[in-house]
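To keep things clear, I will list the structure first and then write my remarks on it.
Counting starts at 1 for both ligands and their atoms, in listed order. Counting from 1, the numbers follow the sequence of the chain as shown.
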Amino acid sequence: MTAVRDAVDLSNYNTFGIREHADHLIEVETLSQLLDALALAERKRWPVTVLGGGSNIVLAGPVRGLTICMRSRGRRVLSRADESVLIEAAAGENWHRLTMWALDHGLSGLENLSLIPGTVGASPVQNIGAYGVELADLFDSLDAYDRDTAQVLRFDRQACEFAYRDSVFKRHPGRFIILCVRLRLLRTPQLRVDYEPLRTAWHETGLARADARVVAELVCRIRRAKLPDPTRIGNAGSFFKNPVVASDVAQTLLAANPAMPCYPQQTGSVKLAAGWLIDQAGWRGLRRGAVGVNPDQALVLVNHGGARGEEVMALAEDIRADVVRRFGVELEMEPQLLGLPITH
Ligand SMILES: Cc1cc2nc3c(=O)[nH]c(=O)nc-3n(C[C@H](O)[C@H](O)[C@H](O)COP(=O)(O)OP(=O)(O)OC[C@H]3O[C@@H](n4cnc5c(N)ncnc54)[C@H](O)[C@@H]3O)c2cc1C
């Protein structure tokens, strides 16, 4: 078994750059290493936390027990059909590198999801999405270790219960450890460039022909301009989900705020832009000690250096309460909160 390290500083294991420690930490590359690590945790009665790239977590305190970092590698083509190709990638693979690998193999579908930080194994947890595409659109199946039944299970799309930034894995934290993900990618691109600001950027290229690589480059350019780079300033991407409200609620809000962005959903409800609400409430660019709201994108909270999880959560709570007060809309936090005191 690879070495278990004790009292590990997690600053470099979370993109927010919050300095907390894990009681014990192990990096696993294979299923047998994972099973050994889980057996050790059971013998020692340590709680288990699974980590990928740490780009969607906020550390509220020390992470008790054993933190298992998924580092398995491998990407391969499983089968080819006329229109599509089935690929498989191990949980520890870097997500963005998978999107580039797919393009290098002439496969499209992932281009809108370029440059999302983190690992393949975490991508189904919140059904990652960007620029009008989400993982569920390309998803075929995954294998996950079920800690309740001690079995490796295969999940198809339905079993994952994907929803907007949500899945069965997010709703049962700690139960399933995702081992690998299979995606069905396209041999002939069907580009999705209808989502602003990608649409404008695509029109500006003047290209008539579908080209997935150009779309990927545009997405990367937009993201680099809009989102703070976690290697320069700590953050976890969007801090809140975009709230989805009933259509009559959206109409009332729109009457009072005619410029408010609204995205009608197929269900009849309406998705609002959390960043716009936070911006309108006056929080954009605000700094409070070591934490702040990003000046370019109010949906992103940032660590100016030395922020603690409790400062991040205090700021988030004040923003949430203010948005409720002004607009009557409840914001839900997107990243997972880890390191909470264990109550049982
Ligand atoms: C700058 C920036 C931009 C971002 N943009 C986007 C975006 O456009 N769209 C989007 O959807 N997200 C975005 N995110 C959030 C984040 O990149 C994704 O949620 C990503 O999938 C998290 O991957 P990770 O490996 O870092 O997961 P981690 O942060 O390590 O873990 C996240 C959660 O998944 C669990 N988990 C991790 N690996 C596994 C596994 N193998 N099995 C079971 N559970 C696991 C963890 O326990 C935790 O609960 C952004 C983040 C940043 C910092």
Side-chain angles (χ1 to χ4, degrees), residues 10 13-18 22 27-28 31 34 38 47-59 63 67-72 89-99 112-136 142-147 152-153 155 160 162 164-181 195 198 219-220 222-242 275 294 296-297 299-303 333-340:
L10 292 174
Y13 286 82
N14 73 104
T15 60
F16 230 119
I18 295 173
E27 316 217 11
V28 301
L31 177 59
L34 172 66
L38 291 171
V48 168
T49 300
V50 174
L51 267 195
S55 64
N56 207 27
I57 58 167
V58 175
L59 296 175
V63 182
T67 298
I68 301 180
C69 297
M70 300 299 284
R71 298 289 181 253
S72 51
E93 284 287 339
N94 175 275
W95 175 264
H96 175 67
R97 282 202 283 276
L98 180 69
T99 67
N112 293 43
L113 305 178
S114 303
L115 217 59
I116 296 181
T119 55
V120 167
S123 64
V125 174
Q126 71 153 2
N127 181 24
I128 57 169
Y131 303 104
V133 174
E134 54 184 22
L135 183 85
L142 63 77
D143 292 347
Y145 181 76
D146 179 0
R147 293 178 60 213
V152 175
L153 303 178
F155 288 71
C160 292
F162 286 129
Y164 167 63
R165 298 297 174 276
D166 200 17
S167 72
V168 69
F169 311 107
K170 200 165 181 178
R171 288 194 291 277
H172 295 91
R175 175 167 175 187
F176 303 107
I177 302 179
I178 296 167
L179 306 171
C180 68
V181 176
Y195 210 87
L198 185 54
V219 166
C220 291
I222 293 166
R223 293 183 69 98
R224 286 196 179 102
K226 212 173 109 181
L227 291 168
D229 176 356
T231 61
R232 289 163 189 260
I233 183 159
N235 73 90
S238 304
F239 199 89
F240 298 101
K241 291 183 182 184
N242 286 321
N294 182 43
D296 300 320
Q297 167 53 277
L299 197 47
V300 180
L301 302 192
V302 294
N303 176 1
M333 180 177 166
E334 187 180 296
Q336 303 285 295
L337 195 55
L338 299 183
L340 291 169

Pairs of nitrogen or oxygen atoms closer than 3.5 Å, one from [X] and one from ligand 1: do any exist?
| X | answer |
| --- | --- |
| Gly52 | yes |
| Pro117 | yes |
| Ala236 | no |
| Leu227 | no |
| Asn127 | no |

Going by the atom numbers of ligand 1, which of them fall below 4.0 Å from some non-hydrogen atom of [X]?
| X | value |
| --- | --- |
| Val125 | 34 (O), 44 (N), 45 (C) |
| Leu51 | 30 (O) |
| Gly129 | 7 (C), 8 (O), 9 (N), 10 (C), 11 (O) |
| Met70 | 41 (N) |
| Gly54 | 24 (P), 26 (O), 28 (P), 29 (O), 30 (O) |
| Thr15 | 53 (C) |
| Gln336 | 33 (C), 48 (C), 49 (O) |
| Ile177 | 42 (N), 43 (C) |

Evaluation steps, salt bridge (Lys or Arg N to Asp or Glu O under 4.0 Å), between Arg171 and Asp166: CA-CA 8 Å; Arg171 288 194 291 277; Asp166 200 17; 2.7 Å; yes
Side chain to side chain, His96 and Cys220, heavy atoms closer than 4.5 Å: yes
Close side-chain approach of Val58 to Gln336, heavy-atom, < 4.5 Å: no
Would you mind finding which of [options] brings a heavy atom closest to [atom]?
| atom | options | value |
| --- | --- | --- |
| atom 40 (C) of ligand 1 | Ser123, Ala90, Gly121, Gly118 | Gly121 |
| atom 26 (O) of ligand 1 | Ser55, Pro335, Cys69, Ser238 | Ser55 |
| atom 38 (N) of ligand 1 | Ala144, Ser167, Ala122, Ala130 | Ala122 |

Give the residue and atom name of whichever protein heavy atom lies nearest to [atom], and the separation in Å to one decimal.
| atom | answer |
| --- | --- |
| atom 47 (O) of ligand 1 | Val50 O, 2.6 Å |
| atom 1 (C) of ligand 1 | Asn235 OD1, 3.5 Å |
| atom 21 (O) of ligand 1 | Ile128 CG2, 3.3 Å |
| atom 29 (O) of ligand 1 | Asn56 N, 2.8 Å |
| atom 10 (C) of ligand 1 | Gln126 NE2, 3.5 Å |
| atom 13 (C) of ligand 1 | Ile116 CG2, 3.8 Å |
| atom 24 (P) of ligand 1 | Gly53 N, 3.4 Å |
| atom 4 (C) of ligand 1 | Arg223 NH2, 3.4 Å |

Any [X] heavy atom less than 4.0 Å to ligand 1:
| X | answer |
| --- | --- |
| Phe176 | yes |
| Arg165 | yes |
| Lys170 | no |

Derivation of the side chain to side chain contact (heavy atoms under 4.5 Å, CB included) call for Leu51 and Leu338: CA-CA 10 Å; Leu51 267 195; Leu338 299 183; 4.1 Å; yes
Nearest heavy atoms of [X] and [Y], plus distance in Å:
| X | Y | value |
| --- | --- | --- |
| Val133 | Leu113 | O-CD2, 3.4 Å |
| Leu135 | Asn127 | N-OD1, 3.3 Å |
| Ile57 | Phe16 | O-CD1, 4.1 Å |
| Ser114 | Arg223 | O-CD, 3.3 Å |
| Pro124 | Phe162 | O-CE2, 3.4 Å |
| Ile178 | Val125 | CD1-CG2, 4.0 Å |

Inter-residue atom distance Tyr131.OH - Ile116.CD1, 0.5 Å rounding: 9.0 Å
Distance in Å, Arg71 CZ paired with Thr119 OG1, rounded so as to fall on 0.5 Å steps: 8.0 Å
Asp146 side-chain N/O to Ala144 backbone N/O, donor-acceptor pair under 3.5 Å: no
Salt bridge flag under 4.0 Å for residues Asp296 and Lys226: no
Side chain, backbone, both or neither: the part of Ile178 lying under 4.0 Å from ligand 1 by heavy atom: both
Glu27 and Tyr13 side chains, donor-acceptor separation under 3.5 Å: yes
Flag if over 12 foreign heavy atoms under 6.0 Å of CZ, Arg175: yes
